[in-house]
Amino acid sequence: MKRELRYAASGLSARAIWRLLAWSALEVLPTAVFGLMLARAIDEGFLAGRPWTGAAWLGGVLLAAAIGAVGAGRVYAALGAVVEPFRDRLVRRVIRRALRNAVAGSPEPGALSLLTRQVEIARDAYAGIIVSVRGCLVTTVGVGAGLLALDGRLAALVLPPFLLGLLAFVATLGFAANRQRAAAEADANLTDRATQVTAAARDLAACGGEAHGEALAAEPIAAQAKAERALAGAAALRTLCFAIGGWLPLLVLLAFAPRLLDQGTTAGALTGALLYILTGLQPALAALITGLGTSGLRLYTALTRLLPTTAATSASAAMTPTAPPPPPATATPTPTPTPTPTPTPTPTPTPTPSDSHSALGPSAKTLSDSSGTIKAGATPKPSNGHFSLRPNMSDPSGTIETGGPPHARFEGKGREHPDQTAPAPAPAPAPAPAPAPAPAPAPAPIIEAHGLTFAYGPHSAPAVRDLDLAVHSGDHLAIVGPSGVGKSTLAALLCGLLRPDSGEVTYSGTAAAALRPRKLAHHRVLVPQGGYVFTGTVRDNLSYLNPGVGDPEIAHAATQLGADALIDRLGGLDATIQPRNLSAGERQLLALARAYLSPAPAAILDEATCHLDPAAEERAELAFAERGTLIVIAHRPTSALRAARVLVLDAGTATLGDRDLLQDVSPLFRELLAHKAGVSAVAPGIDQTGSPSTPAQSSGRQAGDFAEPAAVRSTG
């Protein structure tokens with residue numbers, strides 16, 4: 001603490017200090033003469049029967065207040081001449097240290113925070129200390145002079161206990177500063193530990209390590225609680241010091257008042273002394289305790305960060321890497337070259353279709369081999385920055401062409417590198433068989449996105465950025481991600497309802513932007529969260545997207561989706577329905593049956609089953625998966641686990657793969673699995689209130705839904 005005090009006191013201009021004290025004397029003039037003039041007004045005016053004389057003495061108090069106002073206005077101008085040079089010294093010191101460390105190769109990570117925040121904290125705290133110390137000093141001198149002018153015995157009774165409380169407070173400053181520093185360190189340690197535990201929350205939840213995470217945070221929590229209790233003890237000591245210096249003089253004066261009156265002290269003098277204590281000493285001591293107890297400790301803490309110790313500086317310099325000295329020159333004999341036999345060329349086997357990239361399907365999960373090669377169709381784990389993970393990427397086979405371990409090579413449908421090392425030649429095979437016929441070209445994806453980017457405004461962050469995705473006929477794809485990550489936006493883009501800012505969506509090779517709405521309906525059908533049902537017959541509602549469909553097809557769709565019981569309860573296909581008489585789950589079930597009968601080969605369910613119970617949801621998704629291509633915006637973990645592939649949108653990135661692959665590379669998917677493992681599903685046929693219901697009547701969330709932390713609830 002001595003180092004910080006020396007630095008705060010150094011560099012003070014004597015001229016600026018004397019100027020500040022001079023104007024402070026004018027400011028404190030009303031406090032210094034108030035008790036004296038009031039005593040004269042009582043003794044020589046009102047008690048003597050001369051009220052005009054008493055009023056004249058009180059008028060002098062008003063004149064002193066006017067002079068004090070002038071002094072107060074000049075005090076703050078003089079204060080700036082003391083405080084601003086202190087701030088400038090700190091700024092120069094921080095900048096010099098930051099530049100020196102940067103040149104030495106060890107840049108200081110918190111230099112900007114020190115310059116923009118800690119320096120300003122130190123400046124404000126320094127100004128508060130100057131104001132409080134100046135006020136207490138000048139007030140004590142003024143009140144002491146006034147008490148001596150009234151009666152020396154009054155000064156002897158009032159000033160000693162006041163000075164005792166003042167000295168006791170000064171003696172506790174070092175103790176309080178240490179407690180404040182310990183509390184700051186404990187708070188910083190707790191913040192660091194909480195950051196570590198929070199960053200690992202998904203993995204802890206996935207492996208059942210909640211108790212371990214709690215144990216990791218328990219120690220810094222207990223340390224911070226102990227430090228805060230110690231800091232509260234220092235605050236209690238400050239209160240005790242104020243009681244000694246502020247209230248003990250008053251009690252002493254009242255205790256000796258009868259004896260003083262017997263010895264000739266006037267009533268006006270006693271009243272003036274009481275006012276000196278209540279309006280002068282007590283406020284001055286309270287301001288000093290508050291100023292040093294808060295601003296002083298803040299200044300000490302800030303200077304501790306701004307003034308590193310020499311040992312720390314030396315340690316930082318010692319950690320700076322230096323280049324090793326060059327090895328001494330030695331004479332190395334030149335080896336005699338030996339002839340190298342010419343290797344016999346080995347015929348290279350003809351690759352078969354099974355070796356090509358096209359044979360790697362979504363189930364390929366090889367991350368890397370011993371040489372660091374990333375196989376085509378694999379999703380690499382995050383690397384150390386050698387390759388950046390491309391945001392929102394995927395291709396028909398799940399290949400991710402960016403990311404990987406250092407010095408990785410890419411095989412298969414990756415980029416061609418001129419420096420790519422060729423594989424070692426294989427042993428000479430038997431005579432090569434006749435070349436196999438070339439495989440037929442793979443059909444175009446039923447839905448494909450290239451470089452898809454979309455933002456809702458020119459200045460808003462993109463909801464979807466640079467996404468490549470291919471969905472083939474018969475695919476079952478689930479899209480999961482936190483609330484607001486852009487899942488429903490992606491669904492609208494894939495359906496052609498939104499135009500991307502860049503990139504395009506194609507249906508079997510035809511750009512969606514070139515298709516009219518009626519043509520789009522022949523390629524995909526979208527079922528949103530709010531199932532739309534209009535007033536009309538059940539048949540009209542179900543056949544709306546396919547007017548020529550017959551009753552047998554409608555009955556088959558109802559049976560597949562589990563809507564046959566609902567249709568029977570409504571009165572059959574010719575019954576008229578009113579949307580307001582249906583529950584949210586019943587409307588969703590009818591909307592799903594309508595989409596099932598659509599001629600479109602691809603169905604996109606955007607939380608279209610959120611009001612169904614888990615059993616009804618599973619039945620509907622499996623029916624659509626058997627029907628053709630299915631894309632599900634999942635709101636329950638089970639929806640994602642039923643899909644053959646899952647696209648995980650998380651924090652600006654997209655990862656595509658199957659369950660096993662995503663469990664290795666996606667923290668969000670691991671959290672999804674942990675959430676499902678820790679939650680028991682609600683029994684089919686029972687709604688959340690415990691009352692029996694049909695699957696279609698169930699509305700609201702079930703126990704299997706994603707929790708808020710696991711995140712997949714909004715429409716994106």
Inset, instruction - Check whether any side-chain heavy atom of Glu626 sits under 4.5 Å from a side-chain heavy atom of His476, and report yes or no. - result: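 Counting from C-beta outward, Glu626 and His476 never come under 4.5 Å.
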Legend entry - side chain to side chain contact (heavy atoms under 4.5 Å, CB included) between Leu590 and Ile577, worked out: CA-CA 11 Å; Leu590 292 176; Ile577 56 176; 4.0 Å; yes
Inset, instruction - Go through the steps to decide whether Leu649 and Val480 satisfy the test side chain to side chain contact (heavy atoms under 4.5 Å, CB included), and finish with yes or no. - result: CA-CA 6 Å; Leu649 306 180; Val480 301; over 6 Å; no
Legend entry - Audit row: Val464, Thr453, side chain to side chain contact (heavy atoms under 4.5 Å, CB included) steps and yes/no: CA-CA 5 Å; Val464 177; Thr453 299; over 6 Å; no
Legend entry - Interatomic spacing from CZ in Phe624 to CG in Leu561 - rounded to 0.5 Å: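 Here the rounded value is 5.5 Å.
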Legend entry - Inter-residue atom distance Glu586.CD - Leu612.CG, 0.5 Å rounding: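 One gets 10.5 Å once the value is rounded to the nearest 0.5 Å.
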Legend entry - Nearest non-hydrogen partners of Ala478 and Ala640, listed with the distance: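 In this case the closest contact between Ala478 and Ala640 is CB-CA, 3.8 Å.
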Inset, instruction - Looking only at non-hydrogen atoms, find the nearest pair between Ala521 and Ala600 and report the distance. - result: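 In this case the closest contact between Ala521 and Ala600 is O-CB, 3.4 Å.
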Inset, instruction - Output, in order, the C-alpha distance, side-chain angles, deciding distance and verdict of salt bridge (Lys or Arg N to Asp or Glu O under 4.0 Å) for Arg499 and Glu504. - result: CA-CA 8 Å; Arg499 294 293 179 91; Glu504 67 172 354; over 6 Å; no
Legend entry - Approximate separation, where rounding is to 0.5 Å, of Glu448 CD and His472 NE2: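 So the CD of Glu448 and the NE2 of His472 are separated by 7.0 Å.
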Legend entry - Positive for side-chain contact (heavy atoms from CB on, under 4.5 Å) with Ile479, one of Val648, Leu647, Leu656, Val485: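 When side-chain contact (heavy atoms from CB on, under 4.5 Å) is applied between Ile479 and each of Val648, Leu647, Leu656, Val485, only Leu647 qualifies.
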Inset, instruction - With side chain to side chain contact (heavy atoms under 4.5 Å, CB included) as the test, would you mind laying out the steps for Leu452 and Asp466 before giving the verdict? - result: CA-CA 5 Å; Leu452 211 59; Asp466 194 23; over 6 Å; no
Legend entry - Side-chain touch Asn541/Tyr532, heavy atoms, less than 4.5 angstrom: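 Side chain of Asn541 against side chain of Tyr532, heavy atoms only: no contact under 4.5 Å found.
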Inset, instruction - Measure the shortest side-chain to side-chain distance between Leu570 and Leu582 over non-hydrogen atoms and say whether it is less than 4.5 angstrom. - result: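 Yes, side chains in contact.
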Inset, instruction - To the nearest 0.5 Å, tell me how far Arg594 CZ sits from Leu592 CG. - result: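 If I round to the nearest 0.5 Å, the distance is 9.5 Å.
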Legend entry - Donor-acceptor contact below 3.5 Å, side chain Asp475 vs main chain Leu477: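 No, because the side chain of Asp475 does not come within donor-acceptor range (under 3.5 Å) of the backbone of Leu477.
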Inset, instruction - Tell me, yes or no, whether the heavy-atom count around His522 atom NE2, taken from other residues, nucleotides or ligands under 6.0 Å, exceeds 12. - result: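 Yes, enclosed.
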Legend entry - Donor-acceptor under 3.5 Å (Lys487 side chain, Pro482 main chain):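 Confirmed, Lys487 side chain pairs with Pro482 backbone.
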Inset, instruction - Using modelled atom types only, decide if a donor and an acceptor are shared between the side chain of Arg524 and the backbone of Cys495 within a distance under 3.5 Å. - result: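 Yes: the side chain of Arg524 pairs with the backbone of Cys495.
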Inset, instruction - Search all heavy atoms of Asp658 against all heavy atoms of Ala644 and return the closest pair with its distance. - result: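 The pair with the smallest heavy-atom distance is CB-O, 3.7 Å.
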Legend entry - No-hydrogen, no-angle side-chain donor-acceptor test under 3.5 Å, Asp540 and Thr537: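 There is such a pair between these side chains.
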Legend entry - Nearest atoms (heavy-atom pairs only) where Ser639 meets Glu621: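 Scanning both residues, the minimum pair turns out to be OG-OE2, 2.8 Å.
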Inset, instruction - Please indicate whether Arg619 has more than 12 foreign heavy atoms, meaning atoms of other residues, nucleotides or ligands, lying under 6.0 Å from its CZ. - result: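 Counting neighbours around CZ of Arg619, more than 12 heavy atoms of other residues, nucleotides or ligands fall under 6.0 Å, so yes.
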Legend entry - Residue pair Ile447 / Ile631, side-chain heavy-atom distance below 4.5 Å: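 Ile447 reaches Ile631 side chain to side chain.
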Inset, instruction - Grab the two heavy atoms, one from Gln663 and one from Phe669, that are nearest each other, plus how far apart they are. - result: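 Distance-wise, the nearest heavy atoms are N-CD2, 3.8 Å.
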Inset, instruction - Rounded to the nearest 0.5 Å, what's the gap from NE2 on His523 to CG on Leu515? Could you check? - result: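 Here the rounded value is 5.0 Å.
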Legend entry - Asp551 side chain reached by Leu573 side chain, heavy atoms, under 4.5 Å: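 With C-beta onward as the side chain, the pair touches.
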Legend entry - Flag if over 12 foreign heavy atoms under 6.0 Å of CD, Glu214: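 Atom CD in Glu214 is not packed in, count stays at 12 or less.
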Legend entry - Nearest non-hydrogen partners of Phe534 and Tyr544, listed with the distance: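 Between these two residues, the closest heavy atoms are CE2-CD1, 4.0 Å.
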Legend entry - Student check: side-chain heavy atoms of Thr629 and Val471 closer than 4.5 Å: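 Side chain of Thr629 against side chain of Val471, heavy atoms only: contact under 4.5 Å found.
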Legend entry - Any donor-acceptor N/O pair, Glu553 side chain to Gly550 backbone, under 3.5 Å: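 Flag set: sc Glu553 to bb Gly550 pair under 3.5 Å.
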Inset, instruction - For residues Ser543 and Leu597, determine if any side-chain heavy atom of one lies less than 4.5 Å from a side-chain heavy atom of the other. - result: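 Ser543 does not reach Leu597 side chain to side chain.
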Inset, instruction - Would you kindly say whether Glu618 and Thr638 are connected by a side-chain donor-acceptor distance under 3.5 Å? - result: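 Their side chains do not contain a donor-acceptor pair, so the 3.5 Å distance test is not met.
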Inset, instruction - Would you confirm whether Thr198, through its side chain, and Thr195, through its main-chain N or O, come within 3.5 Å as a donor-acceptor pair? - result: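 Absent.
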Inset, instruction - Compare all side-chain heavy atoms of Leu469 with those of Leu494 and state whether any distance is below 4.5 angstrom. - result: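 Sidechains of Leu494 and Leu469: in contact.
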Legend entry - Donor-acceptor contact present, side-chain Arg670 to main-chain Asp664, <3.5 Å: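 Yes.
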Inset, instruction - Nearest 0.5 Å please: distance from the CG atom of Leu668 over to the OG1 atom of Thr655. - result: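 Output value for this atom pair is 9.5 Å.
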